[in-house]
Amino acid sequence: WNYLINHYESKGDFKQQLTLANQAVKKFKGDYTLGFGYAKGLLNNGQYDASINTLKKLYILPFEGSSDGRDIYEQATLLSVLNLIRSKQYKNALTKIESSKEWPENLGVGKPYDVDERIQDYLAAYCLDKLGKTGDARKSYDRVLAVTDETFERVSINNILPFLIYEKSGEKEKKAALLRKLKASPSSAHPLQRWVIAAAEKVQAALNDLSGELSGNAYIGIMIHILK
């Protein structure tokens, strides 16, 4: 069952992935690997809240260095947040943004000491701004900028977020300075960093190529939603 479920996911046939996963969890109740496959199938089919609820009922055994369960939880929660933002439910979105920061113990991995929460801070700032809380929004935006200033050499999709902030505030010189630093950093050749640079420069051809190359990274899709 797992092989077939993963096979259809790798082919991009998410409908069949979900159909099989649904059958599997009914047939083998309590199997956490099948339950996890079902949660991924729900996520891939846009059923974000159902994916979150499924994950809450699972107990995933800890594996050394594995954060797959928590990654799916965060992705599903953030995509649910984006749906709320699109429907202008900013207060509900803020609540769910806080949920996306959680590291549920049942998902098999503990919270690291140093967590990159820039995407949550950026989305929270956007919602706060829409609610007229500009001071609080500015504080969240500033956190994104402060973390980026310290960690820009680390490979991360979140490095695109300060460029959005600088564009919004009209700070062209700061945007250009950060772009120069990214291009000069030792990590600039990494596909994710190249994606960030292409997005910052709005080079669509390069973005398309790199998005294809990075198609296995679900956070690319989330960030593309944010860029829109």
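As the structure is a prediction and not an experimental result, all values here were calculated from the model.
The structure places CG of L20 at 6.0 Å from OH of Y8, a figure rounded to the nearest 0.5 Å.
With sequence neighbours excluded, the residues that form a side chain to side chain donor-acceptor pair (under 3.5 Å) with Y219 are E74. The salt bridge (charged side-chain N to carboxylate O under 4.0 Å, His left out) check on D49 picks up K96, with sequence neighbours excluded. Not counting sequence neighbours, K228 has no partner by the side chain to side chain donor-acceptor pair (under 3.5 Å) test. Residues forming a side chain to side chain donor-acceptor pair (under 3.5 Å) with K139 (at least two apart in sequence, or on another chain): none. Qualifying side chain to side chain donor-acceptor pair (under 3.5 Å) partners for D136, counting only residues two or more places apart in sequence or in other chains: none. In this structure D116 satisfies the salt bridge (charged side-chain N to carboxylate O under 4.0 Å, His left out) test together with R118, sequence neighbours excluded.
Between the side chains of Q16 and D13, not a single donor N or O lies within less than 3.5 Å of an accepting N or O. Side-chain contact, Q204 with N208: a donor N or O sits under 3.5 Å from an acceptor N or O.
Across every non-hydrogen atom of N2 and T33, the tightest pair is ND2-OG1, 3.2 Å.
The distance between the ring centers of Y141 and Y122 falls below 6.0 angstrom.
For the pairing with Q193, the side-chain hydrogen bond (donor to acceptor under 3.5 Å, both in side chains) check across S156, S188, S187 returns one residue only, S187.
With a 4.5 Å cut-off on side-chain heavy atoms, L161 and M223 count as touching. In this structure, I226 and L164 have side chains that are in contact, with non-hydrogen atoms separated by less than 4.5 Å.
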Inset, instruction - Please lay out, stage by stage, how D149 and K181 fare under the test salt bridge (Lys or Arg N to Asp or Glu O under 4.0 Å). - result: CA-CA 10 Å; D149 191 50; K181 288 198 294 185; 3.3 Å; yes
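Between the D121 side chain and the S140 main chain, no donor and acceptor come within less than 3.5 Å of each other.
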